Amino acid sequence: KPAAVVEEAAFNFAAYMKERATLVNEALDKSVPLQYPEIINESMRYSLLAGGKRVRPCLCLAACEAVGGNIAQAMPTACAMEMLHTMSLIHDDLPSMDNDDFRRGKPTNHKAFGEDVAILAGDALLCLAFEYICRETRGVAPERIVRVVCEVGKAVGAEGLVAGQIVDIKSEGMAEQVGLETLQYIHEHKTAALLEASVVCGALVGGAGEPDVERLRKYARCIGLAFQVVDDILDITQSSEVLGKTAGKDLLSDKTTYPSLLGIERSKEVAQQLIADAKEQLSCYDPAKVAPLLGLATYIGARTN
Ligand code: GRG
C-alpha cells in the first residue's frame, strides 16, 4: 500500500479533530470579550460559540503544518475563518434570506436577539475576522499577511460567498432551469471558496512557496465541492429517514441539487472521485505531515452531519 494510505490508517483522526477543535474554541472564546455594549458581543458569542464541526479552522491549521509551519502562526487565521463562516450562517438564516428558526441546535441569532442585532452581529464578525488576522498573527512576514487578507476578502466578497449566495437566491423557484453548471457555480462560491481560503491561507502563514500553495488549492477545491455534494446527499437521505421515503423523494424536485440532477448513487460516486482527486494532490508530501489533510478529506467524504 502507498505510504500515505498506511499513514492515514494509523492516524487517530477523531482524537486529532477533538484536540484541534478544543484549541480553536478556546481561542474563539477569547476573541470576543463581553464588553460594552454587551448586547452585540453576546449576540456574536451566541453564534460563534454555538458548536459546529470547526472544519474550516482545522483545515487551516492542518495546511500550515503540512508545509512545515507551526499551528500558533495559523491560529488567528483559523479563528477568522470560523468568524466568517459564522457570520455567513447568521445572515443566511435571516428572514430576508433562508428564514430559518434553528441553527447548530439552537434558535437562530435573529430569533434570539432580533433581526437588527443579528445583522449587526454578522457585520461585526466580518470586520473582526480581518482585524484579528492583522492584530494577532505573530512570526509571519507582513507581505504574507497582506496576501492572506486579499485571499480572504476575495473568498467572501462578490467573487466568493456573496456571489454564490446571490446566484442561489436568484435561482430560487427555477429548479428546471438550473443545470449542473449553475449548481456547480453556486457550490464553488457558497461553500468551496471559504474551504479553499482556509487551506490556502493556512499554507501561506505556514511559509509555503507557490507550488505548494497551488497544489493545496487544488486539494481544497476538490474537497470543497465534495463537501457540498455530500451536503446535498445528506439533505435527501436524512429527510427520508425523518419524514419517510415519500417526503424525502419530494425534496428531490424542490430545488436543484446533485442528487436531483444525477441521482443519489451517481452523486455518491462524484463525491468519492473528488475526495480521491484531492488526496492525489498530496501524494508528493511526507505522509506523516499530510495525515491530517488526508484524514479531513476522508471525513468530508464520509460525514453524516
Ligand atoms: C460573507 C459578506 C458575506 C456575506 C454572507 C449569506 C451569505 C453571504 C452566504 C451564505 C453562505 C452559506 C450559508 C453557505 C453554506 C455553507 C455550508 C455548507 C454550511 C454548513 O457548514 P458546516 O457543515 O456547518 O461546516 P457547522 O455548523 O458544522 O460549522
Side-chain angles (χ1 to χ4, degrees), residues 17-18 20-21 24-25 28 44 46-60 78-100 102-110 115 118-131 149 151-172 183-199 220-221 223-235 238 255 257-258 271 274 296-297 299-305:
M17 280 295 274
K18 199 168 165 211
R20 287 295 146 89
V24 168
N25 288 337
L28 287 174
M44 290 158 76
Y46 176 84
S47 293
L48 193 59
L49 305 176
K53 298 181 287 295
R54 309 311 195 199
V55 168
R56 293 150 192 84
C58 287
L59 279 168
C60 183
C79 289
M81 296 303 168
E82 192 61 33
M83 291 170 191
L84 295 165
H85 172 53
T86 300
M87 74 72 53
S88 80
L89 299 179
I90 296 173
H91 281 191
D92 191 53
D93 291 336
L94 287 169
S96 58
M97 301 247 186
D98 265 10
N99 195 18
D100 279 316
F102 289 93
R103 169 71 68 179
R104 290 173 165 172
K106 301 203 313 188
T108 43
N109 198 292
H110 64 273
E115 205 177 333
I119 291 170
L120 290 171
D123 293 344
L125 283 168
L126 174 61
C127 300
L128 179 61
F130 290 96
E131 179 197 336
V149 167
E151 189 79 38
V152 175
K154 190 169 171 180
V156 295
E159 289 184 58
L161 260 71
V162 170
Q165 181 76 346
I166 195 78
V167 174
D168 194 10
I169 288 173
K170 297 298 174 197
S171 308
E172 230 157 74
L183 183 65
Q184 190 156 330
Y185 182 93
I186 293 170
H187 288 348
E188 277 170 359
H189 291 78
K190 254 188 95 162
T191 302
L194 197 54
L195 293 161
E196 178 181 325
S198 302
V199 171
R221 283 199 175 146
I223 58 159
L225 193 50
F227 191 96
Q228 191 58 52
V229 178
V230 171
D231 225 50
D232 283 359
I233 297 168
L234 289 175
D235 262 357
Q238 291 182 343
K255 61 177 181 143
T257 62
Y258 272 83
L274 285 164
L296 276 153
Y299 167 74
I300 285 168
R303 72 196 177 91
T304 53
N305 77 332

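For ligands, and for the atoms within them, numbers begin at 1 and follow the listed sequence. Please read these numbers as outputs of a predicted model, since none were measured by experiment. FYI, the numbering just counts along the sequence from 1. The analysis underlying the following values was restricted to heavy atoms, covering all of them including side chains, and did not include hydrogens, waters or symmetry mates.
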Give, for atom [atom1] of [X] and atom [atom2] of [Y], the distance between the pair rounded to the nearest 0.5 Å.
{"X": "Leu194", "Y": "Met81", "atom1": "CG", "atom2": "CE", "value": "6.0 Å"}
{"X": "Leu89", "Y": "Arg104", "atom1": "CG", "atom2": "CZ", "value": "5.5 Å"}
{"X": "Asp231", "Y": "Ile300", "atom1": "CG", "atom2": "CD1", "value": "11.0 Å"}
{"X": "His110", "Y": "Ser47", "atom1": "NE2", "atom2": "OG", "value": "10.5 Å"}
{"X": "Glu115", "Y": "Ile90", "atom1": "CD", "atom2": "CD1", "value": "13.0 Å"}
{"X": "Met44", "Y": "Leu125", "atom1": "CE", "atom2": "CG", "value": "4.0 Å"}

Contact with ligand 1 for [X], non-hydrogen, under 4.0 angstrom:
{"X": "Met87", "result": "yes"}
{"X": "Val162", "result": "yes"}
{"X": "Arg103", "result": "no"}

What are the atoms of ligand 1, with element, lying closer than 4.0 Å to any heavy atom of [X]?
{"X": "Gly52", "answer": "26 (P), 27 (O), 28 (O), 29 (O)"}
{"X": "Gln228", "answer": "18 (C)"}
{"X": "Thr191", "answer": "16 (C), 18 (C)"}
{"X": "Phe227", "answer": "18 (C), 22 (P), 23 (O), 25 (O)"}
{"X": "Arg104", "answer": "26 (P), 27 (O), 29 (O)"}
{"X": "Gln165", "answer": "6 (C), 7 (C), 9 (C), 10 (C)"}

Identify the closest protein heavy atom to [atom]: which residue and atom is it, and at what distance?
{"atom": "atom 25 (O) of ligand 1", "answer": "Arg56 NH1, 2.8 Å"}
{"atom": "atom 20 (C) of ligand 1", "answer": "His85 CE1, 4.1 Å"}
{"atom": "atom 12 (C) of ligand 1", "answer": "Lys190 CE, 3.7 Å"}
{"atom": "atom 22 (P) of ligand 1", "answer": "Lys53 NZ, 3.4 Å"}

For this session: Would you mind finding which of Ser88, Ser47, Gly105 brings a heavy atom closest to atom 11 (C) of ligand 1?
Result: Ser88
For this session: Given salt bridge (charged side-chain N to carboxylate O under 4.0 Å, His left out), test Glu82 with Arg56 step by step and report yes or no.
Result: CA-CA 6 Å; Glu82 192 61 33; Arg56 293 150 192 84; 5.2 Å; no
Problem set entry | Trace of the side chain to side chain contact (heavy atoms under 4.5 Å, CB included) decision for Val156 with Met87 | CA-CA 11 Å; Val156 295; Met87 74 72 53; over 6 Å; no
Exercise. Just wondering, more than 12 heavy atoms not from Lys53 lying within 6.0 Å of its NZ?
Worked result: yes
